[in-house]
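Note sheet for the following structure.
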Amino acid sequence: MGFLKSFFRELRYYPSAIVGTLIILALLSLAVYAVVAIPYHRAVFLWRGTSDVWYRNPKMVPPEWVNYFRSKKLPTTVDLDSRQQGLVQRNEKKLGKGKQIDLTYTFNYTADEFPPEVVLYFYPTYASKQPFVSGEWLTPDGRKIRLGNFSVTSGYSFHVGQDKDIARRLRRMLGVDIPPGLGLFVDPASLPKDTSQPVDQKALRPLKGRYTVHISAITFGPQDDIQAELLVYGGVHGIAGTDHLRRDLTVGLLWGAPVAMAFGLISALVIGLATMIIAAVGVWYGGVVDDLIQRITEINMVLPFLPILIMVGIFVSRSLWMIMLVTIALSIFGAGIKSYRAMFLQLRESPYIEAAQAYGAGDGRIIFLYLIPRILPMLIPGFISAIPSFVFLEASLAVLGIGDPVLPTWGKIIQDAQANAALYKGLYYWILEPSVLLMVTGLGFALLGFALDRIFNPRLRQE
Amino acid sequence: MSEQQVQEAAFSPAEAQDQPLLSVRHLKIWYELKRFGFLHAGYVKAVDDVTFDLPRGEAIAVVGESGCGKSSLMKAILGLVHPHDGQILFEGKDIWEGGNAAMREYRMKVGYVQQDPYGALPPFMTIRRILEEPLILAGIKDKEERMERVIRSLEEVKVTPPSDFLNKYPHMLSGGQQQRVVIARALIRNPKMLIADEPVSMLDASVRVEILKLLDEVQQERHLSVIYITHDLSTVRYFSKRIFVMYAGKLIEKASTYEILHNPKHPYSWALLNAISDPLAENATKLRDIPPGEPPSLITPPPGCRFHPRCQKAIQGLCEVEVPPHFSVAPNHDVACWLYREEAEA
């Protein structure tokens, strides 16, 4: 063990090892944080992304920090829910058997771009007759736009940005054809003077300032009530952005860390140790045992790895653990057996092994206490360098469509981005975020692995 | 098995003394050669029909040049190689009878000192761990007792103070210290027999004598039986009473050290003795009278006496036809050479 201590002491002299170790520690703490902050079942539930979980998030928008690099700022989401205290001004008065309920939503709009969507969600409770609602939009410069009259059922959502009636009213007011999502926010000064031409949407500017939305509802039963939520979706979200299912990518990226670490570490460790033990057993017993191990290895080495994995993914299970099991099973009898065997063959003849036999050490003792500890330190750099290759393997498999169906992983995020044409739509964050995390993981382990290799193989040291 | 043990226990001490500790009977170590991995293609006859006794408390030396089979003989005695034929009896019991348990018990009673002290010590273990291993295998569970014995054995081989060395690794020690640790390891279970395979040939000349003296002291104090294997006659006189000369897989002469050194009978022994280097100025210009040729192939050894193609005194029609038996030329002096057939008969 003093062996290990001295080499850890030597590690300090390699800056790459320090950087690599820091990266690995950061990733490990990220992984631990992810598992603690978002327990497994919660992560799976969030990533399944049923409609009521993520409806408050905008769809496919970049992270908030992109605003630091833009001259025209994107809006953040405005979420005003009358069920929450203090966000919405609410007035009630008796009206016949029911009530008249007035809800006033006010928000300050300061962004340079338009919001992608504006939606009103209604949460009425009624005995028999649906409440009747009318709405009004007030711009900062004092214009009033009627949103319409409608009776609402439970779970009714009113997509303000796409309503044809509002579009008609806006045309009457502004003199141009304009989608309501833009028309409700547009600064009239930015509209073209020549109204006969189609509107160039890129030239439009939103009007900054205080917007007010009035909702006036009439209920008909004594117990009836109504609540409503105004969502002016933003153009940015959170620290990682969102995907096509409005899921916050933070969840996926966070949970990708423990998944990648577990897959990489477990695969590399199990494969490395099992391969070494099998090679040692083969060399020590020799004869039929060795022959058998060598033949299995040779057959296994010509088996096509990827097609087998894809087959298992399609016919058996795409679970991460199943894929890991198959990966381990197919990799144990790999090229490693051959190179370890060469090392052990040399070691088997060494005098200290003969001495151990002469003083009565059994086969198991010789394999585990005399053969393996001798070459273990030489193989540690290999273990470390092998970890990212398994992380990448998991990501590649996910991109090929055999990712775990329930767990979020970095590879699956890339696959989602690819399936939704993220690059074509200019949603670079969607692909770059998981890719950068994968690259950083690879870099961390590679830096540490190379430094360890230099410590254990002094020939690689620069003079 | 148990009956046999009871019988042994019933032996009177006097009887036990008479019985040699180790008897080797017609031992043959043949390594099979294979063609295409499975076809039989003959044997390498590394040890061919070797018979000798090792009395209790006596040191013998097996001398011969490289490739004469002395290492195979040693490995067979240690139970590392299964003999092709013949028997190795330790305290009257064949070491290969009684399976693994008996073999383990036998190994408890045998110590082994190797040629290359650095190679003989696992480089990743501390000295303390190295010396503890045989004790762990002997079933000593008490850590303090093990520690005590480790320290005592280090003191015995004069690696002092032991506390300075316990946590060191073999590469931190000098060659002489390493060999002392190897000897300590061989002695830590209080064996009855010690097998030393060229224990000083890889050491500096300055440490050789010390190590040989240490072995001699240990042998005297503990009344150990020692088999000392070497190719160097000049180191033999330090402690062995008897010398066996080995050539091409056979023992050709068995005699006391004094006899061999002063009155060698076999032409090969004579040549071997003649080849001892003496640091004399006149030797620089003098050509020695050594037998021509090389040791024979052990796969197809020459018929008759294996030394006859190189022997200047070979008798035509006899030496190349019949294998010479051991002729007793003097008490405790046997030689396998036809030259002494009349002497022995007389």
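Throughout, protein chains are lettered first and strands after them, A, B, ... in sequence-line order, and every chain is numbered starting at 1.
Of residues 333-354 of chain A, those residues lying under 4.5 Å from chain B by any heavy-atom pair are A:P351, A:Y352, A:E354.
Taking A:A361, A:A356, A:G362 one by one and counting their heavy-atom pairs under 4.5 Å with chain B, the maximum is reached by A:A361. Options B:D116, B:L137, B:I195, B:L78 differ in how many heavy-atom pairs under 4.5 Å they form with chain A, and the most are formed by B:L137.
Using a 4.5 Å cut-off between heavy atoms, B:I136 touches chain A through its side chain atoms alone. When heavy atoms are compared at a cutoff of 4.5 Å, A:L369 approaches chain B by way of both its backbone and its side chain. With a threshold of 4.5 angstrom between heavy atoms, B:M125 approaches chain A through side-chain atoms but not through N, CA, C or O. For B:L121, the part sitting under 4.5 Å from any heavy atom of chain A is the backbone (N, CA, C, O) and nothing else.
By the neighbour-count criterion of 12 heavy atoms within 6.0 Å, atom CG of B:N100 is sparsely surrounded, having that number or fewer from other residues, nucleotides or ligands. Atom NZ of B:K143 has 12 or fewer heavy atoms from other residues, nucleotides or ligands within 6.0 Å. Heavy-atom contacts from other residues, nucleotides or ligands closer than 6.0 Å to CZ of B:R146 number more than 12.
Checked against ring pair (Phe, Tyr, Trp, His ring centres under 6.0 Å), A:Y359 has no partners two or more places apart in sequence or in another chain.
When side chains are defined from C-beta on, B:P162 counts as touching B:E155, because their heavy atoms get closer than 4.5 Å.
Using a distance-only test at 3.5 Å, with no hydrogens or angles considered, no donor-acceptor pair links the side chain of B:R180 to the main chain of B:L214. Side-chain N or O atoms of B:Q114 include none that pairs as donor or acceptor with a backbone N or O of B:G119 at under 3.5 Å. With hydrogens and angles ignored, the 3.5 Å screen pairs no side-chain donor or acceptor of B:R208 with any backbone N or O of B:T235.
The residues B:E133 and B:R129 are annotated as salt-bridged, a charged nitrogen and a carboxylate oxygen being separated by less than 4.0 angstrom.
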